[in-house]
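Everything on this sheet refers to the single structure shown next.
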Amino acid sequence: MKEHSENYIEKIVREELNRFMERDSSICRCDNCLQDIITLTLNNLPPMYVASDVGHIMTMFHLTRDQLRAQVMVELVKAIDQVKKNPRH
Ligand SMILES: [Zn+2]
């Protein structure tokens, strides 16, 4: 069975965002902000992360799931920062 990468990556983004929110109470919890953070993060990830299947990405770039998650976290930090500075709510 083949995992759909977009859902897989988005799942990681949501999981990591939840962890960030537990630690940082200054992140706005409204739907607009949360959706913006997720969308920004997905948009800023290298296109290959969302374009092809995750198994293929990991094989091609010798990535582990942890490295993939680390890359998500890097972009998530930037997206959170951006939304904090310029919230749409
Ligand atoms: Zn908000």
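Order of appearance sets the numbers: ligands from 1, and atoms from 1 within every ligand. It should be emphasised that the depicted structure is a prediction, and the values quoted were computed from it without experimental measurement.
Put simply, V74 and L17 are part of two different groups of oily side chains (I, L, V, M, F, W, Y) that touch within less than 4.5 Å, one to the next.
Heavy atoms from other residues, nucleotides or ligands lying under 6.0 Å from CG of D31 number 12 at most.
Listing protein N, O or S atoms at distances below 2.8 Å from the Zn ion (ligand 1), with waters left out, gives C28 SG, C30 SG, C33 SG, H89 ND1.
Tested against L42 for a side chain to side chain contact (heavy atoms under 4.5 Å, CB included), the candidates L76, V72, V13 yield a single pass: V13.
Side-chain contact, D24 with S26: a donor N or O sits under 3.5 Å from an acceptor N or O.
Look at D36 and K84 and you find no salt bridge, because none of the NZ, NE, NH1 or NH2 atoms lies under 4.0 Å from a carboxylate O. A salt bridge does not link R19 with E15: every distance from a Lys NZ or Arg NE/NH1/NH2 to an Asp or Glu carboxylate oxygen is 4.0 Å or more.
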